[in-house]
2 protein chains.
Amino acid sequence: MSESDDSAVTEPSLPAPGEDVARGTGVALWKQIAERIEAEILDGRLAAGVRLPTEMELSERFGVNRHTLRRALAELAEKRLIEATPGRGTFVREPPIRYPIGPRTRFSEIVAREGRAPSGRLTGSRIEPASAEIAAALGLAPGTEVLRVDIVREADGVPLNIGSHWYEAARCRDLDLLVAATGSVTRALETLGLGDYRRLETRITARPADEEERRELSLPAGRTVLVVDAINGDAQRRPIQYSRARFAADRVQLVVKN
Amino acid sequence: MSESDDSAVTEPSLPAPGEDVARGTGVALWKQIAERIEAEILDGRLAAGVRLPTEMELSERFGVNRHTLRRALAELAEKRLIEATPGRGTFVREPPIRYPIGPRTRFSEIVAREGRAPSGRLTGSRIEPASAEIAAALGLAPGTEVLRVDIVREADGVPLNIGSHWYEAARCRDLDLLVAATGSVTRALETLGLGDYRRLETRITARPADEEERRELSLPAGRTVLVVDAINGDAQRRPIQYSRARFAADRVQLVVKN
DNA sequence: GTGCATTTGTGCGTATGTATA
DNA sequence: ATATACATACGCACAAATGCA
């Protein structure tokens, strides 16, 4: 949610007052309005984060009843182009970051390529016994000691995902310290000579965000997280890392090229 | 939700009455209980769909307070192994279907390979003008006529996803009738000589299910859908179909092999 | 529909052990 | 050694959702 406050709409574009909409054309008024606003959002005349004029003001400018205007806004909200909050107003949504899933999936590279500034902060790390799931993925005996590293990763300061990474403890001495120092799992692994890992398999599910996830990702209640589990391996495709990233679902779009 | 009714727990296994839990061992009681039930679920002694005994009964059998037992159940619910509904009881969850995303992604093949019976029913079809998004994906001018086909697809009778498919209308005469007749988009396309389509790109997002989706997928309120948009092309990688599938998120796990 | 029993969900109060400052 | 905080465990009570007569 970019806080654009007042700076938002200096030149609101949209309809000049009195510039009405075409009646009796067989196209519903709400649809004409929705298409008109959608066009302005898509070609950037209405930038992401901008606050739209109030429903009252818009309905007057388009010369329709507020109900009619709300039908148009509902259409745009359905398409995830705008987002309304009672008491605050209606805002143009940030477009989701396209996040490619491929053999070389690197958070910072992906975010940078989208023109955003990647960052990350360590939220915890510890040694724990491998769960059945993680042991199976890494080809270890269940209960083997694994190092777990948790980080929150952000783009332009807004949290994008919570990442948990599990490594066979024996292979990764002091990885956690390196991650803390560099803020990047990628760089820390490079230092340990494991920089050339590649994505072997990705598993994707989704569910409502729990309380911790809402807090870490600053999500309002009812939002959903994309749970992306990944097995990463070395050059010989031997698994060396299992990771679980929980993305704020409305801030990303996972892309698979085939 | 498989309706297992009474046939469920003939031999409930779990703890025999009086068989208590180890106190004062440094391992929390709830953790011992959770691990014990998890083991029974994982090795199949507690089958998917089975209803667990009530919390009162379980707490008595384990010899702990109901709160303590509930802490154990919460752990298992967090791991998505069980699911509780007020008034109904607590059930062992069906494991999600692994749904591979690849160049040859076919619903019926995938479901059949998971040992389930695939089926589908047409819910609507019509000609409509291409939206900006669909036109861009198919390489058409916006507003070009496209054929839209909507189907609900199920595995063993439980709905898995709602699929909408858009085809350039000119290339697909009477495709809708064929889909209605065969119940399979794949087969209908084969009849038209377009059976060899392949997945070019897949885009994945997630959000709470809306009312229509909850109805079509028989989901309770608050559940989430995985929205999987795909561009499918012919042998020359020319786009011929755009599709949007909305999956019941807790019934599938999308898998990407790299 | 109405009422009732069953079952899960939630809140409050209390006590105890354990780790930390 | 003392104080504080936290997780664990128990007891009682009631709310909310479901299913059934």
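The chains referred to below are lettered A, B, ... by the order of the sequence lines, with proteins before strands, and numbering in each begins at 1. This structure is a prediction, so every number in the text was calculated from the model and none was measured.
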Peer 1: Using whole Å, what does the distance between atom P of nucleotide D/dT8 and atom CG of B/L69 come to?
Peer 2: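 Computing the B/L69:CG to D/dT8:P distance gives 15 Å.
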Peer 1: Between B/R66 and B/R71, who's closer to the 5' end of DNA chain D by nearest nucleotide?
Peer 2: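 Of the two residues, B/R71 wins.
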Peer 1: Which nucleotide in the list D/dT8, C/dT7, D/dT18 gets nearest to the side chain of B/T85?
Peer 2: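 Ranking D/dT8, C/dT7, D/dT18 by closest atom to the B/T85 side chain puts D/dT18 first.
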Peer 1: Rounded off to whole Å, could you give me the CG-to-P distance for the B/L76 and C/dT8 pair?
Peer 2: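 Value for this atom pair: 14 Å.
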Peer 1: Less than 4.5 Å apart, any side-chain heavy atom of B/R153 and any of B/P118?
Peer 2: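 No. Closest side-chain heavy atoms not under 4.5 Å.
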Peer 1: If we call it a pair only when both distances are under 3.5 Å in a Watson-Crick or G-U wobble match, what pairs with D/dC12?
Peer 2: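 Here D/dC12 is engaged in a pair, and the nucleotide opposite it is C/dG11.
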Peer 1: As a test of reading the structure: which of D/dC10, C/dT8, D/dA9 is closest to the side chain of B/N65, going by heavy atoms?
Peer 2: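 Shortest atom-to-atom distance from the side chain points to D/dC10.
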Peer 1: Which nucleotide in the set D/dT18, C/dT8, D/dC10 lies at the smallest distance from any side-chain heavy atom of B/L29?
Peer 2: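 Of all the options, the side chain of B/L29 is nearest to D/dC10.
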Peer 1: Would you sort out whether B/Q253 and A/T205 count as a side chain to side chain donor-acceptor pair (under 3.5 Å), showing the intermediate values?
Peer 2: CA-CA 5 Å; B/Q253 179 175 52; A/T205 57; 5.4 Å; no
Peer 1: Would you mind reporting whether A/K79 and B/E133 have side-chain heavy atoms less than 4.5 Å apart?
Peer 2: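 No, side chains not in contact.
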Peer 1: Between the base of C/dG9 and the side chain of B/H67, is one N or O donor paired with an acceptor at under 3.5 angstrom?
Peer 2: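 Absent.
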Peer 1: Can you tell me how the ring of A/F247 sits relative to the ring of A/Y99, calling it parallel under 30°, perpendicular over 60° and tilted otherwise?
Peer 2: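 The rings of A/F247 and A/Y99 stand perpendicular, inter-plane angle above 60°.
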